[in-house]
There are 2 protein chains.
Amino acid sequence: MSSQEFKQAPHKLLIIPGPIEVADDVLLANAHPAMSHVSPEFIPVFGDCIRMLREVLFAPNSQPVLTAGSGTLGWDHVAANVIQPGEDALVLNSGYFGDSFADCLETYGAKVDQIKAPIGSKPSLAEVEEALTKKKYKVLTFTHVDTSTGVLSDAKGLGEVVKRVSPETILVLDGVCSVGSEEIRMEEWGIDVVLTATQKGLGCPPGLMVLAASQKAIAAFEKRTVPPNSYFASWSRWLPVMKAYEAGTGAYFATPPTNLIYALHASLTTITKGSPSLEDRFKQHVAASDRVKDFVTQLGLQQLAADGKKDGAHGMTAVRYPQGLKATDLLPKLVAKNIVVAAGLHKQVKDEYFRIGHMGVTVVNDKERGDIDYLLNSIKESLAEAGYKP
Amino acid sequence: MSSQEFKQAPHKLLIIPGPIEVADDVLLANAHPAMSHVSPEFIPVFGDCIRMLREVLFAPNSQPVLTAGSGTLGWDHVAANVIQPGEDALVLNSGYFGDSFADCLETYGAKVDQIKAPIGSKPSLAEVEEALTKKKYKVLTFTHVDTSTGVLSDAKGLGEVVKRVSPETILVLDGVCSVGSEEIRMEEWGIDVVLTATQKGLGCPPGLMVLAASQKAIAAFEKRTVPPNSYFASWSRWLPVMKAYEAGTGAYFATPPTNLIYALHASLTTITKGSPSLEDRFKQHVAASDRVKDFVTQLGLQQLAADGKKDGAHGMTAVRYPQGLKATDLLPKLVAKNIVVAAGLHKQVKDEYFRIGHMGVTVVNDKERGDIDYLLNSIKESLAEAGYKP
């Protein structure tokens, strides 16, 4: 069946911070006929995904790793390969996902300190610098975009601090809600590991763990004195497989999710070789984000991020319900208009806000699709129906 | 797009022991529009998959666990949840996958003994009984069908031995190449964990780890004195999520591969509610297997399994090349006829044999598809082209 013929079924518009709307050609690729994971047709498709991921991250010297899984599994990869039991990790906590990454690191034996920011903000560069000066950390992790709060961390600034104060520290960017929707200049900024998943800015269905490691991170792995303490997430197993796929020969450790690799190939081809350019894609996300944030501000609504346009992500917005309204006053009215937004996620305030995703085709193909206009008008109407007056 | 309209693209017939040919309706489900993993539409689909998996395994009291991953990740689930560091595991080795499961168990700290059978056979029940009598094992694992050799283990017989000799031992069936194509009466036979993946007898694309645990296995997990030593494979994280999806409420630990869950739902619906019945499905796999094995025997070819029809799997056949022929003499000739079979996999003999998969739609829909006839004729012709005379 050709891509001209395939149209996905009518459905509610999914405007949450992932999974996001998926383009028809990517869904058709996900319905690819069954293929052997070591066939001469499939191997270069996998190899291309590795190569295109480097382009998205501006990291020509990095080593990508792609396996069946989710973003969460990326934490296991870091915790079991880059740091050893008993070594120190510093976790910058800007929401729900910082707590979880810390749990994961501790599961594999790391000693974790956290800098916890109040809800809606992030640790300051000065706090990070102070912490790095006081103790040598093997690993520093941060959530680039915390999906629970919509707070955007300063990846470039953190890279500068690490280079200046603690250049041996491995800087890990949790990019689950940022890769594809936020600019990440991995090598220029000095990021050592970027981990993500496919169902957000990369515009695919969920089911793939996606990671890229700098040569510094690989060297830290190679200097381990004990083997990785995970099996499925072991770089000893996966790195030779990734190199084999890229070299065009293929190798086996665990069966890759072949159809998702085809889907990712379709999406990465659009992102790296289609229109808009990668740079323009990021600019479009900034513009769409500004539009959403300005709109909710004009409606008199607060965001979870202390200063939404400055500290907020460009692929999502976390919006507080107006005084007196709650989730059940707003979300069902949006569903009735065929729009799915997300409820709150951060434990302490989850009933106080909702989350809008503006990533991928919803942003980049907005002219044809009209998703953002429809979203904003629907929010305004639904609030009015709920009795809210700006 | 409706299932009447969707037809997968023309492609080579994939007759390897997984991934296998996937039905059009399952592929279309894999191209489902993006859905929230906690939406009221998606949650019952996930719940149904849990319920239908119990039917496939004849295990109404078992607890299924489904996550993004592969069959390999199922080993991590066993190694990190059912057994604790320092405890003893006995691995029955009937090929490549026994070695790997042992590696995985050791990664998480288990002390592993193996009973290794010569290539093409499996440890005898007497050997297993003797080992269980000499030492108390927390866990006993076996590969139901070793994909590298095509040897079928005696799941029912092993269950009887464990019940009689060491009833506390957790009996783990690696069913990656058997669930859906071999009868597994999990509760009647006393199997405590069945782990598998979706791309073989379950008839889906790869990308899901599928597991079911008996109440005995769950009790062993609950009696742990140390927490699970994996994060992404931790039952502490996943069991509440599985219960929530089954209860219809949903919960979050890591994003499930939503599209693959739709695909699995489509396939499990056919397997448990379609025609043939589950029992007849297993009988059809036996019949197709006998036909393939008789055919290669009549051609004068040997199988890797010592006695193919007695010890061989019903979803695959591992066939030795005739004297003087090698992979490059046969496999490209089959590819030229649009048939993909698999090369050998067992390290010691991988250049001496090839593997045929006969699972799922290739077997069950053979009357309409004619896959088996085409396969057998093509093997005969290709051997003749290579100069082989039976």
Side-chain angles (χ1 to χ4, degrees), chain A residues 1-2 5-11 14 16 18-22 27-28 30-39 67-73 75-76 79 103-104 107-108 197 199 205-209 227-234 252-260 340 342-343 345, chain B residues 1-2 5-12 14 16 18-22 27-28 30-37 39 67-73 75-76 79 103-104 107-108 197 199 205-209 227-234 252-260 340 342-343 345:
Chain A
M1 159 152 265
S2 77
E5 294 166 314
F6 179 79
K7 287 277 167 230
Q8 61 189 296
H11 61 283
L14 189 63
I16 66 176
I20 69 166
E21 287 286 314
V22 177
L27 285 181
L28 179 61
N30 209 40
H32 196 285
M35 295 294 287
S36 165
H37 48 299
V38 290
S39 64
T67 84
S70 74
T72 301
L73 177 63
W75 298 338
D76 291 67
D103 282 348
C104 178
T107 297
Y108 290 93
Q199 75 274 15
L208 265 170
M209 191 286 308
N229 45 353
S230 165
Y231 187 75
F232 187 65
S234 164
Y252 176 73
F253 168 55
T255 307
T258 41
N259 285 47
L260 270 167
V340 178
L345 178 62
Chain B
M1 160 152 263
S2 77
E5 294 165 315
F6 179 79
K7 288 277 167 232
Q8 62 189 297
H11 60 282
K12 296 191 187 83
L14 189 62
I16 67 176
I20 69 166
E21 286 288 314
V22 176
L27 285 181
L28 179 61
N30 209 41
H32 195 284
M35 295 294 286
S36 165
H37 48 299
S39 64
T67 84
S70 73
T72 301
L73 177 62
W75 298 337
D76 291 66
D103 282 347
C104 179
T107 297
Y108 289 94
Q199 74 275 14
L208 265 169
M209 190 287 307
N229 45 353
S230 166
Y231 187 75
F232 187 65
S234 164
Y252 176 73
F253 168 55
T255 307
T258 42
N259 285 49
L260 270 168
V340 178
L345 178 62

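Predicted, not measured: the structure shown is a model, and the values here were computed from it. Residue numbering restarts at 1 for every chain, and letters A, B, ... go by the order of the sequence lines.
The minimum heavy-atom distance linking B/Gln199 with A/Thr255 is given by the pair NE2-OG1, 3.4 Å. Considering all non-hydrogen atoms of both residues, B/Phe232 and A/Gly69 come closest at CZ-CA, 4.3 Å. Contact record, A/Pro33 with B/Ala9: CG-O, 3.4 Å, taken as the closest heavy-atom pair. The two residues A/Thr72 and B/Ala254 have their closest heavy-atom pair at OG1-CB, 3.3 Å. Contact record, B/Pro228 with A/Thr107: O-CG2, 3.9 Å, taken as the closest heavy-atom pair.
Among the candidates A/Ile16, A/Asn229, A/Leu14, the residue making the largest number of heavy-atom pairs closer than 4.5 Å to chain B is A/Leu14. Listed options B/Pro19, B/Ala79, B/Ala233 were ranked by heavy-atom pairs under 4.5 angstrom with chain A; first place goes to B/Pro19. When each of B/Ala342, B/Gly207, B/Pro206 is checked for heavy-atom pairs under 4.5 Å with chain A, B/Pro206 comes out on top. Ranking A/Ala68, A/Pro227, A/Gly18, A/Pro256 against chain B, the residue ahead of the rest is A/Ala68, based on heavy-atom pairs under 4.5 Å. For the options B/Trp75, B/Phe253, B/Tyr108, heavy-atom pairs under 4.5 Å to chain A are most numerous at B/Tyr108. Note on B/Leu345, B/Leu208, B/Asp103, B/Val340: by heavy-atom pairs under 4.5 Å with chain A, the leading option is B/Asp103. When the candidates B/Val22, B/Thr67, B/Thr258 are compared by the number of heavy-atom contacts under 4.5 Å with chain A, B/Thr258 comes out ahead.
Neither the backbone nor the side chain of A/Met209 comes within contact range of chain B; no heavy atoms are under 4.5 Å apart. Interface residue B/Leu73: backbone and side-chain heavy atoms are both found under 4.5 Å from chain A.
The structure places NZ of A/Lys7 at 14.5 Å from CZ of B/Phe6, a figure rounded to the nearest 0.5 Å. Going from atom CG of A/Asp76 over to atom OG of B/Ser234 covers 9.5 Å, rounded to the nearest 0.5 Å. Here B/Lys12 contributes atom NZ and A/Ser39 contributes atom OG; the two are 7.5 Å apart, rounded to the nearest 0.5 Å.
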(message) Test side chain to side chain contact (heavy atoms under 4.5 Å, CB included) on B/Asn30 and A/Asn259; report intermediate values, then the result.
(response) CA-CA 9 Å; B/Asn30 209 41; A/Asn259 285 47; 3.8 Å; yes
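Residues satisfying the side chain to side chain donor-acceptor pair (under 3.5 Å) test with A/Tyr231, not counting sequence neighbours, are none.
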